[in-house]
Amino acid sequence: MATPWRHCWRWTIGSTSTSVLETICGFNGRSATFAASSFRGTGAVAGSGKEGLSTRPVNTTSIGNYILTSRHKSRLLYPTPKPCCCKRIHSDAKLKDPFSLAQKDLNHLYDDIKKELFVSKSELKSLCDYYFDGKGKAFRPMIVVLMARACNIHSNRDGDLLPGQRSIAMISEMIHTASLVHDDVIDGSDKRRGKTTINEVWGERKAILAGDFILSAASMALARIGNNTVVSVLSQVIEDLVRGEFMQLGSKENESERFKHYLEKTFKKTASLIANSCKAVSILVNSDPEVQEIAFQYGRNVGIAFQLVDDVLDFTACASQLGKPSATDLKLGLATGPVLFACQQFPELHAMIMRRFSTTGDVDRAWQYVLESDGVDQTNYLARSYCREAIRQISLLRPSPERDALIRLTEMVLTRDK
């Protein structure tokens, strides 16, 4: 019988105990303010010079105060734009391609989802299958598969997925897609993934019912896993999605609270699904809370970085790249990272944010202010800070091709153009 792996690894270079993040990315305390803060009341910040995983409480209200302390051109995050530093990883091994490593386990993903959604009524089946056409990125299931394999190897098992872990990967995509269907109804969107949205084709009522049906099928698949802790963890995702949507409908008058509100909303709407899915697959193979927290924190940081980059692309990518119209967030009245940073250089944005860009000309003026500011660069740098922390967290696991692929994935998150 294999001996359980009791302690998490801190990958070191030479004889020092420098963490992989410090070695690769020049991680420092200032970046940690952003990257390691948790939005679950208090967070865990891992020590930078000690073996294992040490924790201390984090006051999440300090995030907004730290970011928003200057009314002039911001030098808070970095003096000059920096290239992505997440490319300088292992000198002793080439990092594996995440998609190719996970491909075997994702080959039948959409077929399995369609089996879960099987119904005799043809119209409902057409609605439910609409986005499960195999043309999506399957980004979330890929992360879940790689995290499951990395945790299995860390726990002295082979890398093959357990049936429950495979189900969690499928469930993560189902929950994500159901949330997209509901989001499109709320936002009145007519394009998604380069095709006409369900609400445009079948109407809002049927779109809402289709989203509900996908969620119900995901819940049934979750119950069949038979692990109460996993059910509880993934149920939290549903709650976070709803709370995040309500947070998106509101705003904060105070500027420092506004940024904290934005980051917490980003966690709930985007990162919670990735973080809790990663934690769920770790629970099935390892009872060590430290390993489960590593999985959660990797998913949380990658998830927030992914959404930050998505918010940047709304200003820098064309509609054909995104598969949806650009400037969507501004048109919906949403102030994302680039706008909040730009507000420090263009205080005129404050009033626009509070009225949700509803006055004629607000969207065009806000767009111009963002492009004239360093809001895009600052948001990109913040995304890099979260990816650095994701790298540091995942590097505490035992080395494996899947662990290294998760490290490489952070680079792909930062450099994607759609």
Side-chain angles (χ1 to χ4, degrees), residues 8 10-11 19-22 24-48 53 55-56 58 60 63 66-67 77 84-86 89 98 139-140 142-144 146-147 150-151 172 237 240 244 259-260 262-282 290-312 337 379-397 402-416:
C8 302
R10 175 177 294 278
W11 184 57
S19 73
V20 65
L21 184 61
E22 294 165 323
I24 296 166
C25 301
F27 184 68
N28 55 51
R30 186 166 63 170
S31 297
T33 304
F34 301 101
S37 298
S38 170
F39 292 103
R40 300 189 301 167
T42 59
V45 178
S48 60
L53 189 69
T55 60
R56 62 174 174 82
V58 176
T60 58
I63 300 170
Y66 183 83
I67 296 172
L77 297 183
C84 172
C85 54
C86 296
I89 314 288
F139 176 75
R140 288 152 189 83
M142 177 185 65
I143 292 180
V144 174
L146 293 175
M147 181 61 73
C151 289
S172 70
V237 174
D240 285 343
F259 212 104
K260 177 180 178 290
Y262 162 68
L263 289 176
E264 187 171 358
K265 181 268 297 181
T266 297
F267 168 75
K268 290 185 181 300
K269 275 184 63 73
T270 302
S272 174
L273 174 58
I274 301 173
N276 284 296
S277 296
C278 286
K279 182 177 181 178
V281 293
S282 73
E290 285 193 353
V291 174
Q292 296 170 16
E293 184 66 11
I294 288 167
F296 178 89
Q297 289 296 334
Y298 174 85
R300 187 186 77 85
N301 282 282
V302 164
I304 293 176
F306 184 91
Q307 186 58 51
L308 289 171
V309 172
D310 204 61
D311 293 343
V312 164
T379 307
N380 276 326
Y381 186 81
L382 184 56
R384 288 199 294 273
S385 296
Y386 278 105
C387 280
R388 291 188 192 107
E389 177 62 8
I391 291 172
R392 194 188 67 76
Q393 289 287 342
I394 198 63
S395 297
L396 295 170
L397 295 185
E402 287 77 12
R403 186 204 73 165
D404 293 347
L406 289 169
I407 292 174
R408 184 178 177 190
L409 186 67
T410 62
E411 175 193 335
M412 298 171 68
V413 165
L414 293 172
T415 58
R416 69 191 182 95

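Values reported hereafter were calculated over all heavy atoms of this structure, with side chains retained and with hydrogens, waters and symmetry mates removed.
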Contacts of S272 that satisfy side chain to side chain donor-acceptor pair (under 3.5 Å) - sequence neighbours left out: D240, N276

Please identify each residue that fulfils side chain to side chain donor-acceptor pair (under 3.5 Å) with N380, with sequence neighbours left out. none

For the side chain of [X] and the backbone of [Y], is there at least one donor-acceptor N/O pair under 3.5 Å apart?
{"X": "T410", "Y": "I407", "result": "yes"}
{"X": "Y298", "Y": "L406", "result": "yes"}
{"X": "D310", "Y": "F306", "result": "no"}
{"X": "Y262", "Y": "G337", "result": "yes"}

All side chain to side chain contact (heavy atoms under 4.5 Å, CB included) counterparts of A383, not counting sequence neighbours: A305, L308, V309, L414

What distance separates [X] [atom1] from [Y] [atom2], expressed to the nearest 0.5 Å?
{"X": "Q292", "Y": "C151", "atom1": "CD", "atom2": "SG", "value": "9.0 Å"}
{"X": "R392", "Y": "R388", "atom1": "CZ", "atom2": "CZ", "value": "13.0 Å"}
{"X": "I391", "Y": "R408", "atom1": "CD1", "atom2": "CZ", "value": "12.5 Å"}
{"X": "E402", "Y": "I143", "atom1": "CD", "atom2": "CD1", "value": "14.5 Å"}
{"X": "E293", "Y": "L396", "atom1": "CD", "atom2": "CG", "value": "11.0 Å"}
{"X": "Q297", "Y": "E389", "atom1": "CD", "atom2": "CD", "value": "7.0 Å"}

Using every non-hydrogen atom in the two residues, find where [X] and [Y] come nearest and quote the distance to one decimal.
{"X": "G244", "Y": "K268", "result": "CA-CB, 3.9 Å"}
{"X": "A271", "Y": "R300", "result": "CB-O, 3.5 Å"}
{"X": "T270", "Y": "G303", "result": "CG2-O, 3.7 Å"}
{"X": "V281", "Y": "M147", "result": "CG2-CG, 4.0 Å"}
{"X": "L273", "Y": "S172", "result": "CD2-O, 3.5 Å"}
{"X": "I294", "Y": "Q393", "result": "CG2-O, 3.2 Å"}

Taking it one step at a time, do M412 and L409 satisfy side chain to side chain contact (heavy atoms under 4.5 Å, CB included)? CA-CA 5 Å; M412 298 171 68; L409 186 67; 4.3 Å; yes

Verdict with supporting geometry, Y386 and L382, side chain to side chain contact (heavy atoms under 4.5 Å, CB included): CA-CA 7 Å; Y386 278 105; L382 184 56; 3.9 Å; yes

I304 vs N301 side-chain heavy atoms within contact, under 4.5 Å: no

For V291 and F296: C-alpha separation, side-chain torsions, deciding distance, then whether side chain to side chain contact (heavy atoms under 4.5 Å, CB included) applies. CA-CA 9 Å; V291 174; F296 178 89; over 6 Å; no

